[in-house]
**Student:** 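Starting off with a structure, shown below.
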Amino acid sequence: MAEKGTEFLPYKVICKPGTGIYEEKKSRFIAYVAPASSEEEAVSFIDSIKKKHYDARHNCPAFIIGRNRQLTRCSDDGEPSGTAGKPILEVLMGAGVTNVVVVVTRYFGGTLLGTGGLVRAYTQAVQEGLKDAGIATMRYGVEMTVSMDYTDVGRVQYLLNSRQIEIADSRYTDKVEFDIRIPKEQENPLQKALVEATSARAGIEVTGYGYYMDTQR
């Protein structure tokens with residue numbers, strides 16, 4: 001995690017790359033969803049999909065970059081204006097995600113879909129892609145190690161479970177150590193609860209501050 005600094009608001013990202021497929025009247029729409037932390041990464045991904053599907057009639061891209069979603073781009077790539085790039089971007093905006101790039105590859109099935117049909121198809125393909133990728137929240141928080149005697153393990157586990165805090169890693173030697181990550185605003189209340197639950201026997205070491213991916217909330 002990063003060094004301790006200014007607290008920031010949470011933002012949403014995809015959990016992993018994903019793919020979504022939608023077919024209508026023999027036209028096939030394949031949505032490729034990937035993380036991208038910069039415009040350069042997004043453009044590189046778009047180029048890779050265009051190279052992969054060089055034989056497709058259209059490879060329509062869109063991306064959003066920045067914690068505040070300040071950089072957005074989209075293209076219809078030869079489709080009628082407003083029927084591909086904009087619908088793709090609107091799905092991403094509606095999902096609230098950022099640092100994400102999407103390319104929807106279309107193989108024409110021989111039947112014109114019309115404006116409404118195209119918008120629906122591109123929208124549905126991206127929605128399927130996002131579903132496959134999953135959405136998580138990046139939260140600014142604290143990483144800490146809690147150390148305890150074996151007699152206090154049950155108390156600490158119960159406390160963490162009751163607060164829906166996952167143990168990222170654990171070590172069992174002469175003592176037990178749990179590595180956890182929590183939102184910054186929970187730091188002081190959790191430390192106080194750990195002290196009370198173990199009668200101050202638990203050791204608490206803060207190891208860093210920064211953003212982490214929270215898939216539970």
**Student:** Please check: side-chain N/O of Ser48 versus main-chain N/O of Phe45, any donor-acceptor pairing under 3.5 Å?
**Tutor:** yes
**Student:** Taking all atoms of both residues into account, what is the closest heavy-atom pair of Gly96 and Arg69, and its distance?
**Tutor:**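 Taking Gly96 first and Arg69 second, the nearest heavy atoms are CA-NH1, 3.3 Å.
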**Student:** Rounded to the nearest 0.5 Å, what's the gap from OH on Tyr212 to OH on Tyr140? Could you check?
**Tutor:**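 Tyr212 atom OH to Tyr140 atom OH measures 12.0 Å (nearest 0.5 Å).
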**Student:** Check the pair Thr123 / Glu90 against side chain to side chain contact (heavy atoms under 4.5 Å, CB included), numbers first and verdict last.
**Tutor:** CA-CA 8 Å; Thr123 297; Glu90 286 180 345; over 6 Å; no
**Student:** Following the transitive rule for hydrophobic clusters with a side-chain heavy-atom cut-off under 4.5 Å over Ile, Leu, Val, Met, Phe, Trp and Tyr, establish whether Ile46 and Val33 coincide in one cluster.
**Tutor:** no
**Student:** Will you find, in the side chains of Thr83 and Glu79, an N or O donor that is under 3.5 Å from an N or O acceptor?
**Tutor:** no
**Student:** Hey, does Val206 have a side-chain heavy atom less than 4.5 Å from the side chain of Gln191?
**Tutor:**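 Answer yes - side chains close enough.
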**Student:** Among the clusters formed by ILVMFWY side chains lying less than 4.5 Å apart, do Leu71 and Val97 turn up in the same one?
**Tutor:**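 Leu71 does not cluster with Val97.
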**Student:** Tell me if a side-chain donor or acceptor on Glu196 pairs with a main-chain N or O of Leu194 at a distance below 3.5 Å.
**Tutor:** no
**Student:** State whether a side-chain donor-acceptor pair under 3.5 Å links Thr98 with Arg67.
**Tutor:**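 No pair is found: no donor N or O on one side chain lies under 3.5 Å from an acceptor on the other.
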**Student:** In a table with atom names and distances, give each donor-acceptor pair under 3.5 Å that connects a side chain of residues 10-23 to protein atoms at least two apart or in another chain.
**Tutor:**
from	atom 1	to	atom 2	distance (Å)
Lys16	NZ	Asp132	O	2.6
Tyr22	OH	Glu24	OE1	3.0
Glu23	OE2	Arg28	NE	3.0

**Student:** For Phe108, is there any backbone N or O sitting under 3.5 Å from a side-chain donor or acceptor partner on Ser27?
**Tutor:** no
**Student:** In Å and rounded to the nearest 0.5 Å, what is the OG to CD1 distance from Ser44 to Ile49?
**Tutor:**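 Result: 10.0 Å between the selected atoms.
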**Student:** Would you name the heavy atoms of Ala62 and Gly85 that are closest together and state the gap between them?
**Tutor:** CB-O, 4.2 Å
**Student:** Which pair of non-hydrogen atoms, one from Ala31 and one from Val104, has the smallest distance, and what is that distance?
**Tutor:** CB-CG2, 3.9 Å
**Student:** Can you tell me how far the OG atom of Ser75 sits from the CG atom of Leu89, to the nearest 0.5 Å?
**Tutor:** 11.5 Å
**Student:** Applying side chain to side chain contact (heavy atoms under 4.5 Å, CB included) between Tyr32 and each of Asn59, Val101, Thr105, report the one that passes.
**Tutor:**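 Among Asn59, Val101, Thr105, the one that satisfies the side chain to side chain contact (heavy atoms under 4.5 Å, CB included) with Tyr32 is Thr105.
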**Student:** Identify whether Phe178 and Tyr158 are in the same connected component of the hydrophobic contact network (ILVMFWY, side-chain heavy atoms under 4.5 Å).
**Tutor:**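 No, Phe178 and Tyr158 fall in different hydrophobic clusters.
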**Student:** Work out which heavy atom in Pro35 is nearest to a heavy atom in Glu41; give both atom names and the distance.
**Tutor:**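 What the structure gives for the nearest pair is O-OE1, 4.2 Å.
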**Student:** For Asp76 and Lys86, what are the C-alpha separation, side-chain angles and deciding distance, and is it a salt bridge (charged side-chain N to carboxylate O under 4.0 Å, His left out)?
**Tutor:** CA-CA 8 Å; Asp76 294 312; Lys86 185 178 179 182; over 6 Å; no
**Student:** Do the side-chain N and O atoms of Glu143 and Thr207 include a donor-acceptor pair separated by under 3.5 angstrom?
**Tutor:**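 Yes - a donor-acceptor pair under 3.5 Å links their side chains.
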**Student:** Rounded to the nearest 0.5 Å, what separates atom CD1 in Ile165 from atom CG in Leu159?
**Tutor:**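 With rounding to 0.5 Å, CD1 (Ile165) is 6.5 Å from CG (Leu159).
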**Student:** Could Arg181 and Glu166 be called an ion pair, given the rule that one side-chain N must be under 4.0 Å from one carboxylate O?
**Tutor:** no
**Student:** Less than 4.5 Å apart, any side-chain heavy atom of Arg201 and any of Met148?
**Tutor:**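 No, side chains not in contact.
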**Student:** With distance as the sole criterion, is a donor-acceptor pair present between the side chains of His53 and Tyr107 under 3.5 Å?
**Tutor:**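 Present: a donor and an acceptor within the cut-off.
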**Student:** Of all residues at least two apart in sequence or in a different chain, which pass the ring pair (Phe, Tyr, Trp, His ring centres under 6.0 Å) check with Phe29?
**Tutor:**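 In terms of ring pair (Phe, Tyr, Trp, His ring centres under 6.0 Å), with neighbours along the sequence ignored, Phe29 is linked to Tyr122.
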**Student:** Using side-chain heavy atoms (C-beta onward) and a distance below 4.5 Å, is Val156 in contact with Val176?
**Tutor:**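 Not touching, per the 4.5 Å side-chain cut-off.
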**Student:** Looking at Arg106 and Ile30, would you say the former's side chain and the latter's main chain have a donor-acceptor pair under 3.5 Å?
**Tutor:** no
**Student:** Any donor and acceptor pair, going by atom type alone, linking the side chain of Gln186 with main-chain N or O of Ile182 inside 3.5 Å?
**Tutor:** no
**Student:** Specify the closest pair of heavy atoms between Arg139 and Pro183, including all atoms of both residues, with the distance to one decimal.
**Tutor:**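 Between these two residues, the closest heavy atoms are CD-CG, 4.0 Å.
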**Student:** Taking the basic N atoms (NZ, or NE/NH1/NH2) and the acidic carboxylate oxygens, is any pair closer than 4.0 Å for Lys175 and Asp149?
**Tutor:**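 Judged by the 4.0 Å cut-off on N to carboxylate O distance, Lys175 and Asp149 do form a salt bridge.
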**Student:** One thing to verify: whether Asp152 and Arg155 come together as a salt bridge, which I'm taking to mean a side-chain N less than 4.0 angstrom from a carboxylate O.
**Tutor:**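 So Arg155 pairs with Asp152 through a salt bridge.
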**Student:** To the nearest 0.5 Å, what is the distance between CD1 (Ile204) and CG (Leu190)?
**Tutor:** 7.0 Å
**Student:** Within the structure provided, determine whether Asn99 and Ile64 are in side-chain contact (heavy-atom separation under 4.5 Å).
**Tutor:**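 Of all side-chain heavy-atom pairs linking Ile64 with Asn99, none is under 4.5 Å.
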**Student:** Kindly say whether Asp77 contributes a backbone atom to a donor-acceptor pair with the side chain of His58 at under 3.5 angstrom?
**Tutor:** yes
**Student:** Are Val119 and Ile88 linked, directly or through other ILVMFWY residues, by side chains that come within less than 4.5 angstrom of each other?
**Tutor:**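 Looking at the clustering, Ile88 is in a separate group from Val119.
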**Student:** Starting at CD1 of Ile65, measure out to CZ of Phe63 and round the result to the nearest 0.5 Å.
**Tutor:** 6.0 Å
**Student:** Consider only side-chain N and O atoms of Asp214 and Thr137, and report whether a donor and an acceptor are under 3.5 Å apart.
**Tutor:**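 Short answer, no.
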